[in-house]
Amino acid sequence: MAGQKSGTNYAEPEYAKSQDRAKAPFYHPNIEHRLVSERDQAWDIRAYPCIGLGSWLTPQLCRLPIYDDILKRVKDGAILMDVGTFVGHDLRRLAYDGAPSDKLYGVDIVNHFDVGYNLFRDREHFKGHFIEADILSTTSSELTALKGQADIIVVSQVLHQWNWDNQIKATQTLSTFTKPGSMIVGNQIGNPKAQEINLKSLSMAVWRHNPDSFAKMFEAVGDTTGTRWEIQAWLRTFADMG
């Protein structure tokens with residue numbers, strides 16, 4: 001989590017594993033059958049490992065220690081931008097908890113948005129905005145219009161796909177959508193020892209952060225963009241994250 005001089009310290013989170021599935025935004029009696037169908041449709045569009053594993057069904061944003069503040073800010077009119085939104089599940093949770101959906105923007109390089117509408121059955125009343133664009137190299141006028149406008153940026157399960165240099169580039173780009181007082185929140189796959197890891201299955205190298213290296217990345221971004229960030233980060237196990 002990074003914020004521009006927020007001045008607020010958040011306790012290290014203990015991720016509660018809610019069993020109240022009936023309160024999920026997409027709950028209905030045939031949920032298991034429909035989830036398999038929608039997962040398969042999403043997989044056919046682009047085969048991400050997290051789609052097949054169903055990890056996107058575990059709520060993440062609402063379990064962060066700052067979630068109540070995020071929800072309050074959006075209720076008060078803040079603009080939230082979810083980068084790597086997938087089907088927009090975190091946006092739906094915000095709307096379910098009372099956030100005005102017209103203040104919510106979902107950005108993804110791949111369009112899974114219709115899968116989300118089919119899953120949540122809310123095409124007629126969810127007023128969030130979805131933008132198909134690559135944040136690293138985009139000419140999207142819709143995305144450009146958000147430059148300097150986002151109060152909150154959510155970026156989860158995205159940065160860890162890149163090496164150090166591309167994570168710096170991505171974070172620099174994210175900073176251009178912020179303004180004084182904005183925050184960037186989310187979670188990524190990390191490592192106790194910050195290091196580059198070679199993924200042989202994908203023939204690529206990626207950087208895995210620990211809290212110290214994550215803070216150093218934002219310090220580097222601040223130096224190149226003229227911004228200053230306060231960093232709070234924690235390393236959790238997959239079991240902790242559900």
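Keep in mind that the numbers below use all heavy atoms, side chains included, and drop hydrogens, waters and symmetry copies. What you see is a predicted model, and the numbers here were worked out from it, not measured in a lab. For this chain, numbers begin at 1 and follow the sequence in order.
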(request) Under the side chain to side chain contact (heavy atoms under 4.5 Å, CB included) rule, what do Q60 and Q157 come out as? Steps first, then yes or no, please. (result) CA-CA 10 Å; Q60 298 295 331; Q157 307 300 309; 5.9 Å; no
Contact between [X] and [Y] at the side-chain level, heavy atoms closer than 4.5 Å - yes or no?
| X | Y | value |
| --- | --- | --- |
| F113 | T85 | yes |
| M204 | N163 | no |
| V206 | Q161 | no |
| S182 | I153 | no |
| V185 | L61 | yes |
| M217 | L159 | yes |
| W234 | L64 | no |

(message) Taking the cut-offs as 6.0 angstrom to the six-membered ring centre and 45 degrees off its axis, would you call R92 and Y117 a cation-pi pair?
(response)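 Ring-cation test returns yes.
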(request) Determine, step by step, whether D97 and K75 satisfy the salt bridge (Lys or Arg N to Asp or Glu O under 4.0 Å) criterion, reporting the C-alpha distance in whole Å, the side-chain angles of both residues, the deciding distance to 0.1 Å, and the verdict. (result) CA-CA 10 Å; D97 286 336; K75 285 182 175 180; over 6 Å; no
(request) Taking atom NZ of K147 as the centre, report whether more than 12 heavy atoms of other residues, nucleotides or ligands fall under 6.0 Å from it. (result)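 Atom NZ in K147 is packed in, count exceeds 12.
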Between [X] and [Y], what is the shortest heavy-atom contact and its length?
| X | Y | result |
| --- | --- | --- |
| W229 | S175 | CZ2-CB, 4.0 Å |
| A133 | S140 | CB-CB, 3.9 Å |
| D108 | G84 | OD2-C, 3.3 Å |

(message) Closer than 4.0 angstrom, basic N to acidic O: yes or no for D165 and K169?
(response)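 Judged by the 4.0 Å cut-off on N to carboxylate O distance, D165 and K169 do not form a salt bridge.
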(message) The test is side chain to side chain contact (heavy atoms under 4.5 Å, CB included); show your working for M81 and L143 and say whether it passes.
(response) CA-CA 10 Å; M81 176 179 166; L143 193 56; 3.8 Å; yes
Return yes if some donor-acceptor pair links the side-chain N/O of [X] with the main-chain N/O of [Y] below 3.5 Å, else return no.
| X | Y | value |
| --- | --- | --- |
| N210 | K193 | no |
| S101 | F126 | no |
| K127 | E124 | yes |

In Å, rounded to the nearest 0.5 Å, how long is the span from [atom1] of [X] to [atom2] of [Y]?
| X | Y | atom1 | atom2 | answer |
| --- | --- | --- | --- | --- |
| D151 | I70 | CG | CD1 | 11.5 Å |
| Q188 | W162 | CD | CH2 | 9.0 Å |
| I231 | D212 | CD1 | CG | 11.5 Å |
| I189 | S156 | CD1 | OG | 11.5 Å |
| T224 | Q172 | OG1 | CD | 3.5 Å |
| N191 | W207 | CG | CH2 | 10.0 Å |

(request) Please check if any side-chain donor atom of E142 sits under 3.5 Å from a side-chain acceptor atom of H129, or the reverse. (result)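 Checked: E142/H129 side chains show no N/O donor-acceptor pair below 3.5 Å.
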(request) Assess the pair Y105 and F177: is the distance between their ring centroids shorter than 6.0 Å? (result)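 No, the ring centres sit 6.0 Å or more apart.
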(message) Determine whether the aromatic ring centres of residues F214 and F218 are separated by less than 6.0 angstrom.
(response)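 Yes.
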(request) Let me know which of Q167, H160, Q195 forms a side chain to side chain donor-acceptor pair (under 3.5 Å) with H209. (result)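 Exactly one pass, corresponding to Q167.
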(request) Mind running side chain to side chain contact (heavy atoms under 4.5 Å, CB included) on L146 and I131 for me, showing each step along the way? (result) CA-CA 11 Å; L146 287 174; I131 303 170; 4.0 Å; yes
(request) Please determine which of I135, V155, D134, D82 meets the side-chain contact (heavy atoms from CB on, under 4.5 Å) test together with V107. (result)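 Answer after filtering I135, V155, D134, D82: I135.
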(request) Under the side chain to side chain contact (heavy atoms under 4.5 Å, CB included) rule, what do I109 and L136 come out as? Steps first, then yes or no, please. (result) CA-CA 10 Å; I109 192 173; L136 294 184; over 6 Å; no
